[in-house]
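Here the structure is laid out as structure tokens; the discussion comes afterwards.
Since the structure is predicted, the reported quantities are computational estimates derived from the model, not experimental observations. So that the names make sense, note that chain A is the first sequence line, chain B the second, and so on, each numbered from 1.
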Amino acid sequence: MNDCQKTQKILTEAVDERLGEFDRNFFNTHIQECPACRNDYELDSLTKAFIKSKIGRHKTPENVATRIRQEIEKQATSAQRSVGFFTKYPLARAAMIGMLVIGIAFILYILNIPNFQKSVQAADMMDQSVENYVAILAGAIQPAEISQHVNELRDYFDNQVDFPVALKPVADCEWVGGVLSTYEGLPLAHLVYKMPAGIIYVFQANWNDVRRGNKISLPHNIVSSLSETGWYVNGTHEEYSVVMWLYNDETVCTAVSSMEKSKLHELFATNNYNQW
Amino acid sequence: MFFASPNIKASIQQKHEEFDKEAIPHMDILYNYALRLTGNPEDASDLLQETFLKAYRFWDKFEKGTNCRAWLFRIMRNSYINRYRKAVKTPEHINYDEIKEFYNTIREQSTDSNDLSERLFGQLLDDQVAAALTDLPEEFRTVVILCDIENFTYEEAADFVDCPIGTIRSRLHRGRKLLRDRLFKYAHERGFSVNE
């Protein structure tokens, strides 16, 4: 590496005065001898100073701050009000308890105790993706919102989940459906792309939640692959293709389909919807 | 949940107080960030409100005692990505050498940094400067805002954005270059001619 290359490498830190003594001496010496590097350094410093001076610090407008506080008040008091109902009407509480007991018994009956116990442990996201895919094919899960353009589902998902929802357009798609759900309090997003030959199901969750793994989890090797490369395409499922990826480092996505795996990967690999 | 209503009421009250004490104080800094992301006060106010309401709804998920501002920042950034970011446009070709050539010329005439700054950027209006910043892709813009405007150290910015320090350094490097070329382009468009 020549002196100019080395100087360019440490240029940003020189502008921010972060260089140690040795590097600083090297830098100062070089820019005295090299007008090109000197100019680069000066240009960056001037830009930094200029933007700092021009972009002011604003206080939140008073009406905006007030409105936000009011909205939060509203949420807090409406939560309290719904609890108050049961203290005022104890019979209603008894009725709810009764219905709850019957409801739980019914659910237990349907789920079978062994399976119910399994679902109390952390659910594996990949297994769950395949289960959901099968359920969708069987018609057991229906989308709540359908559109021809995936972007139009944005409003449906807005504000409902604590991660950015990946809404990637897919070529040849006839329509896209979206549905929300929760598992153990975690919000989840689901997309179904109806293709000429079948469907693609995309399951999305908060990556931090999955990484932590106490309610929804993934095997360690998959978490590593996602963390290091942003992808996991090595899953070998007998009947379906499964690929996983990270969107914006905040969301973990799983796509399941009967189409060939490399094709599925390719459809979602061009992450040109969040790059410039 | 139906059996302990006085306790529930108390815990809702507690949540409200906690939120008021820990999250609300960051409103101004988040408003500024929203302004830089969206480029106008109306969208910024909407984004700010959406962020705080979402934060309140998911307050139980926030690990108390950790960096609240970083958590709010992340919510805001996600909301912005979901709602406000316009479709990706192909970057217009910017001649990166123009400003360097120009700087060569004026540098021969002056070494005073105030004079140089004036000649490079003095013609720009405030809203052009704001627009140049908003033109930057979000990941570069964020780092320039945090480090150059909000005085974050690289370490604080890395913690905020949740990435390695090397990423902060390279985004800042590229962000400043993109910004200065954008500023130069705006100045150029206003008929500020380059003396050959």
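Interface summary for chain A: among B/Ile29, B/Ile75, B/Leu48, B/Asp20, the most heavy-atom pairs under 4.5 angstrom belong to B/Leu48. With chain A as the partner, the residue from B/Arg74, B/Arg107, B/Arg169 showing the most heavy-atom pairs under 4.5 Å is B/Arg107. For the set A/Asp40, A/Asn63, A/Asp155, the entry with the most heavy-atom pairs within less than 4.5 Å of chain B is A/Asp40. The choice from A/Asn151, A/Val165, A/Thr251, A/Leu186 that makes the most heavy-atom pairs within less than 4.5 Å of chain B is A/Val165. Counting heavy-atom pairs closer than 4.5 Å to chain B, the top residue among A/Lys52, A/Glu42, A/Gln8 is A/Glu42.
Using a 4.5 Å cut-off between heavy atoms, B/Lys61 touches chain A through its side chain atoms alone. Using a 4.5 Å cut-off between heavy atoms, A/Pro35 makes no contact with chain B at all. Proximity to chain A is limited to the side chain of B/Ile24, based on heavy atoms less than 4.5 angstrom apart. Contacts between B/Asp60 and chain A at a heavy-atom distance below 4.5 Å are absent for every atom of the residue. Neither the backbone nor the side chain of A/Phe157 comes within contact range of chain B, judged by heavy atoms closer than 4.5 Å. Contacts of A/Ala65 with chain B are made by both backbone and side-chain atoms, with heavy-atom separations under 4.5 Å. With a 4.5 angstrom heavy-atom cutoff, A/Asp209 touches chain B only via side-chain atoms. Within the 4.5 angstrom heavy-atom criterion, only side-chain atoms of B/Phe19, from C-beta onward, approach chain A.
Shown are B/His173, B/Arg171, B/Lys177; of these, the side-chain hydrogen bond (donor to acceptor under 3.5 Å, both in side chains) with A/Thr12 is made only by B/His173.
Separating the CZ atom in B/Arg180 from the CG atom in A/Leu43 is a distance of 4.5 Å, to the nearest 0.5 Å. A/Phe50 CZ to B/Leu120 CG: the interatomic distance, rounded to the nearest 0.5 Å, is 9.5 Å. The NZ atom of A/Lys54 lies 10.0 Å from the CG atom of B/Asp127; values are rounded to the nearest 0.5 Å. Atom CD1 of B/Ile99 and atom CG of A/Asn39 lie 11.0 Å apart (nearest 0.5 Å).
Taking the charged nitrogens against the carboxylate oxygens, A/Asp162 and B/Lys54 have no contact shorter than 4.0 Å, which rules out a salt bridge. Salt-bridge formation is not detected for the pair B/Arg77/A/Asp249: no Lys NZ or Arg NE/NH1/NH2 atom is positioned less than 4.0 Å from an Asp or Glu carboxylate oxygen.
A/Gln148 CD: 12 or fewer foreign heavy atoms inside a 6.0 Å radius. Heavy atoms from other residues, nucleotides or ligands lying under 6.0 Å from CD of B/Gln109 number more than 12. Crowding of A/Glu17 atom CD: a count of heavy atoms from other residues, nucleotides or ligands under 6.0 Å not exceeding 12. Annotation for B/Lys21: atom NZ does not count as buried by contact number, only 12 or fewer foreign heavy atoms lying within 6.0 Å.
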Would A/Asp16 and B/Tyr154 count as a side-chain contact (heavy atoms from CB on, under 4.5 Å) here? Give the steps. CA-CA 9 Å; A/Asp16 294 318; B/Tyr154 289 17; 2.5 Å; yes
Would A/Val64 and B/Tyr31 count as a side-chain contact (heavy atoms from CB on, under 4.5 Å) here? Give the steps. CA-CA 10 Å; A/Val64 176; B/Tyr31 176 67; 5.5 Å; no
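A/Phe163 and B/Asn78 make their closest contact through CA-ND2, 4.3 Å (heavy atoms, listed as atom of the first residue, atom of the second, distance). The shortest heavy-atom contact between B/Arg176 and A/Thr47 is O-CG2, 4.1 Å. A/Ile72 and B/Phe52 make their closest contact through CD1-O, 4.3 Å (heavy atoms, listed as atom of the first residue, atom of the second, distance). Contact detail for B/Ser117 and A/Leu46: the closest heavy-atom pair is CB-CD2, 4.0 Å.
Between the side chains of B/Tyr56 and A/Glu71, no donor-acceptor pair of N or O atoms lies under 3.5 Å.
Not a single donor-acceptor pair under 3.5 Å links the side chain of B/Asp28 to the backbone N or O of A/Lys59. Formation of a donor-acceptor pair under 3.5 Å by the A/Lys48 side chain with backbone atoms of B/Asp148 is not found in this model.
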